[in-house]
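Since the structure comes first, as structure tokens, the remarks are kept for the end.
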Amino acid sequence: MSKQQKEKRPSRWHPIARANWDGSMRSYREIQARVLPDDESKEFDIELPPSWRQQPAQWLLWTLGKRGLPPGSGAGLVQSPYADVYTKIYGTVPIADLPKYRTIYRTQPDVQGAVEIQVNLAIGKGFTIKHPKKEVVDYLLKVCNDINLLQHMLVMTSDMLVYGNSYTEILWNEKIEKTEQMYEYKGVQYTKDEMEAQKINPKEFKVAQIDYDGQQRNFVAQKIKKGEDARILGLKDLDPIYMRVRRDSWGNIFGYIQWMAFPPVLIDNDSLIHIRFRPKSWGYESAYGTSILMPIIKNNDLLNQLENDCAVWIHSRAVPPLIVKGGTPERPYSTPQMKDLMSILKSRTAASMIFAKADVQFEELKTIASDMDIQWWINYLLTRRYQALGIPPLFMGIAEKGGRATAEVLLHDFITRLQVLQELVADPIEEFIFKPLIKAEFGEDVENAEMVWKPIIEEDRNMRAQRLIQMLQAGAISINESRSEMG
């Protein structure tokens, strides 16, 4: 027994020391709430009803007429399986705040500026392409320039931050576009090809219908997918408000649907780049992303209310309310005289001149707001706002107290956020654009290219020269490498 184990446990009158002693006596697994390995869990666990392990999947597969799940679907659910019929046909319902995000971005200058700062710093300086073969790099750079990829990346990043999602359609030279009638079988809609693939008896299904503007219409969907030997011609940015993700309760995405017109537009996975910003494991954010504007909806309402109240108060200061007394206590104005005086004063405007008799007295009506200190409330709302937007106060023109170390920590955190944005944009572009372009031009055996971003913040030239000299003297780099870095 170790010396520590021989020590006496502290009394209850010393709770901190007692807790530290108890913690030192436990193993790592015990501290981690006893997460048992699979073999121990099966040996000591109670028997759960077998239907619990199979019932949701069996019910859903029976309802949809499927024979199984796609490989790698797993067992856990990301949504209720009883919603699969809806989410696979009409798409998962997004959060209802998307129009609010658009209004905030359009009407709030500081919010729009915060978004654009992040977009410009992350994407604005551009990128280079890394690949062992120079001809591959030259070809990809030419295509990126032809399709104006940098402009689309700016839109992708802006949509990600504002809406939590960006949707970019890939335009193929052999794109297949067809409008086809949907058919219904056991309450579920299928295309003709899907019906034939499942070998469903034609006598058992009927033409599918959809309720549109209070009328029953045939459900006709426009299907868009690429051909077998298709090449990329360009990109098209789509409005996130009208896009829906078609997925099941196991998280499998079957495509996308755009509800901008009737019939809706179906887009397959190979023809759309969907980037989610900060997705979560719950609710809307599991199928979609999370907007940086979500935490400031209430904050924006409070600022708008304050702004409107201040505008009303300032307008009242231009034409302040008055207490008007006509006549003297001994000889007050008659009713007709007061009405005449009221009609004259009601038409007054800012900077207007008032002519009155000597027996008319004016007194400005004082309000509580005249002496109210609202600066603390404004600072509180703006501080919370910029915290949610993730922008250092200095970038928003706000001077803060703090030393160099604090500023460096804030800047490092901000750059890390921008690097996350860069990776979120680069990964799908490498997979959905670079990879098919290389395959179509150079064959399947050629490896994929990599997007390398230019520095977000350029290093000071003098400091870079000093750093390179030190590395050269230490033998870490050659003279040619030093000259290349110096430019």
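Taking OH from Tyr242 and CG from Leu98, the interatomic distance works out to 11.0 Å, rounded to the nearest 0.5 Å. Rounded to the nearest 0.5 angstrom, Thr128 OG1 and Met451 CE are separated by 9.5 Å. Remark: Asn300 CG to Thr103 OG1 distance equals 9.0 Å, nearest 0.5 Å. Once rounded to the nearest 0.5 Å, the distance linking CG of Asp110 with CD1 of Ile391 reads 11.0 Å. To the nearest 0.5 Å, the span separating CG on Leu437 from CD1 on Ile232 amounts to 4.0 Å. Taken to the nearest 0.5 Å, the CZ atom of Arg244 stands 14.0 Å off from the OH atom of Tyr256.
Side-chain atoms of Thr92 come within 3.5 Å of backbone atoms of Val245 as a donor-acceptor pair (strictly under, hydrogens ignored). Under the 3.5 Å distance criterion, the side-chain polar atoms of Arg384 are left unmatched by any main-chain donor or acceptor of Ile296. A donor-acceptor distance shorter than 3.5 angstrom exists from the side chain of Asn299 to the backbone of Leu381, with no hydrogens or angles considered. In this structure a side-chain-to-backbone donor-acceptor pair under 3.5 Å is present from Asn165 to Gly289. Put simply, the side chain of Thr157 gets close to the backbone of Met153: a donor and an acceptor are under 3.5 Å apart. With hydrogens and angles ignored, the 3.5 Å screen pairs no side-chain donor or acceptor of His274 with any backbone N or O of Thr168. Without hydrogens or angle criteria, Gln422 side chain to Ala122 main chain gives a donor-acceptor distance under 3.5 Å. Gln118 places a side-chain N or O within 3.5 Å of a backbone atom of Leu389 that can act as its donor or acceptor partner. Asn120 places a side-chain N or O within 3.5 Å of a backbone atom of Glu116 that can act as its donor or acceptor partner. Ser291 places a side-chain N or O within donor-acceptor distance of the main-chain N or O of Val162, the cut-off being under 3.5 Å.
When the shell of 6.0 Å around NZ of Lys280 is examined, it contains more than 12 heavy atoms from other residues, nucleotides or ligands. Annotation: Lys125, atom NZ; neighbour count of heavy atoms from other residues, nucleotides and ligands within 6.0 Å is above 12. The environment of CD in Glu135 is crowded: more than 12 heavy-atom neighbours from other residues, nucleotides or ligands sit within 6.0 Å. Within 6.0 Å of atom CD in Glu307, 12 or fewer heavy atoms from other residues, nucleotides or ligands are found, so the atom counts as exposed in its surroundings.
When side chains are defined from C-beta on, Ile273 counts as touching Ile433, because their heavy atoms get closer than 4.5 Å. Leu272 is not listed as a side-chain neighbour of Phe432, based on a closest heavy-atom distance of 4.5 Å or more. With contacts defined as side-chain heavy-atom distances shorter than 4.5 Å, the pair Leu171/Leu235 does not qualify. Side-chain atoms of Val446 and His131, non-hydrogen and from C-beta on, do get closer than 4.5 Å to each other. Side-chain contact between Arg385 and Val111 is present, with at least one heavy-atom pair separated by less than 4.5 Å. Counting heavy atoms from C-beta outward, Ile297 and Tyr101 have side chains that approach closer than 4.5 Å. With contacts defined as side-chain heavy-atom distances shorter than 4.5 Å, the pair Trp172/Ser271 qualifies. Side chains of Ile241 and Tyr163 form a contact here, defined as non-hydrogen atoms less than 4.5 Å apart.
The two residues Leu238 and Asp159 come nearest to each other via the heavy atoms O-OD2, 4.2 Å. The two residues Glu285 and Met294 come nearest to each other via the heavy atoms OE2-CE, 3.1 Å. Leu121 approaches Phe414 most closely through the heavy-atom pair CD1-CE2, 3.6 Å. When every heavy atom of Ile147 is checked against every heavy atom of His152, the shortest pair comes out as O-CD2, 3.3 Å. Contact detail for Leu140 and Ala449: the closest heavy-atom pair is CD1-CB, 3.5 Å. The nearest pair of heavy atoms linking Ser158 to Tyr105 is OG-OH, 4.1 Å.
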- Report the C-alpha distance between Leu77 and Trp250 in whole Å, list the side-chain angles of each, state the deciding distance to 0.1 Å, and finish with yes or no for side chain to side chain contact (heavy atoms under 4.5 Å, CB included). CA-CA 5 Å; Leu77 304 175; Trp250 286 271; 3.7 Å; yes
- Message: As a quick check of understanding, evaluate side-chain hydrogen bond (donor to acceptor under 3.5 Å, both in side chains) for Arg247 and Ser286, giving each step before the final call.
- Response: CA-CA 11 Å; Arg247 72 165 187 181; Ser286 62; 3.0 Å; yes
- Evaluation steps, salt bridge (Lys or Arg N to Asp or Glu O under 4.0 Å), between Lys134 and Asp138: CA-CA 6 Å; Lys134 185 177 183 300; Asp138 294 339; 2.9 Å; yes
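Taking the charged nitrogens against the carboxylate oxygens, Asp268 and Arg246 have no contact shorter than 4.0 Å, which rules out a salt bridge. Salt bridge Asp301/Lys298: absent, no basic N to carboxylate O contact under 4.0 Å.
With no hydrogens or angles considered, a side-chain donor-acceptor pair links Asn379 and Gln375 at under 3.5 Å. At a cut-off of 3.5 Å, with distance as the only test, a side-chain donor of Thr87 or Gln79 sits close to an acceptor on the other residue.
Taking the six-membered ring where the residue is Trp, Phe434 and Phe127 present tilted rings, their angle falling between 30° and 60°. Between Tyr86 and Tyr90, the ring-plane angle classifies as tilted under the 30° and 60° cut-offs.
Residues meeting the salt bridge (charged side-chain N to carboxylate O under 4.0 Å, His left out) test with Glu430, sequence neighbours left out: none.
A distance below 6.0 Å separates the ring centres of Phe442 and Tyr139.
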